[in-house]
Amino acid sequence: MGALALGVLVDWREVSSDGSPRVVLMFDVETADGISFRGIADEDLTITELTRLAPGQTLPVRYRPAVMDHYVALARDADPAHVQQLSDEIASRKRT
């Protein structure tokens, strides 16, 4: 699992195309606590998901606050209302 954060996609690389594409995604991550870091995710994506990737895109991710090893995972299970609340919190912090 892990804590929910927002990641802005910086870049990605396809590392395997056997079956479903496996990609390494690089994110600028911002947490609810105001911590920012560069995060890396290793994900299996569908062809459709792969074609929708674009730098600058904001996606919900999960990270491990106790470890802070810069590895994250796409938060495919995240409740959209919770993601919106987190986005609003981060935006309001940037305005102050």
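The shown structure was predicted, so the numbers you read here are calculated from the model rather than taken from an experiment.
Of the possible donor and acceptor atoms, none in the side chain of Glu43 sits under 3.5 Å from a partner among the backbone N and O of Ala73. Of the possible donor and acceptor atoms, none in the side chain of Arg64 sits under 3.5 Å from a partner among the backbone N and O of Ala3. Looking at Asp33, its side chain never comes within 3.5 Å of a backbone N or O of Ile35 through a donor-acceptor pair.
Annotation: side chain of His70 is not in contact with side chain of Ile40 (no heavy-atom distance under 4.5 Å). Counting heavy atoms from C-beta on, the side chains of Ser87 and Leu6 come closer than 4.5 Å. Counting heavy atoms from C-beta on, the side chains of Leu4 and His82 come closer than 4.5 Å. In this structure the side chain of Glu30 reaches within 4.5 angstrom of the side chain of Arg93, judged on heavy atoms. For the pair Thr31/Ile90, no side-chain contact is recorded, criterion being any heavy-atom separation below 4.5 Å from C-beta on. The side-chain heavy atoms of Val29 and Ser36, taken from C-beta on, include no pair separated by under 4.5 Å. Annotation: side chain of Asp11 is not in contact with side chain of Pro55 (no heavy-atom distance under 4.5 Å). Taking 4.5 Å as the limit, some side-chain heavy atom of Asp28 sits within range of a side-chain heavy atom of Arg38.
We find the CZ-CG distance between Arg52 and Leu45 to be 11.5 Å, quoted to the nearest 0.5 Å. Going from atom CH2 of Trp12 over to atom CD of Gln57 covers 11.0 Å, rounded to the nearest 0.5 Å. With rounding to the nearest 0.5 Å, the separation of OG1 in Thr48 from CG in Leu53 is 11.0 Å. Separating the CG atom in Asp44 from the CG atom in Leu50 is a distance of 11.5 Å, to the nearest 0.5 Å. Rounded to the nearest 0.5 angstrom, Gln84 CD and Asp79 CG are separated by 11.0 Å.
Clustering ILVMFWY residues whenever any of their side-chain heavy atoms sit less than 4.5 angstrom apart, transitively, puts Val8 in a cluster other than the one holding Val61. Cluster annotation: Met26 is connected to Tyr71 through the hydrophobic network of ILVMFWY side chains, with a link wherever side-chain heavy atoms come within less than 4.5 Å.
Of all non-hydrogen atoms in Ala78 and Arg62, the two that sit nearest each other are CA-NH2, 4.1 Å. Nearest heavy-atom pair across Tyr63 and Val72 is CB-CG1, 3.9 Å. Considering all non-hydrogen atoms of both residues, Glu14 and Pro21 come closest at OE2-CB, 3.8 Å.
Atom CZ of Phe37 has more than 12 neighbouring heavy atoms from other residues, nucleotides or ligands inside a 6.0 Å radius.
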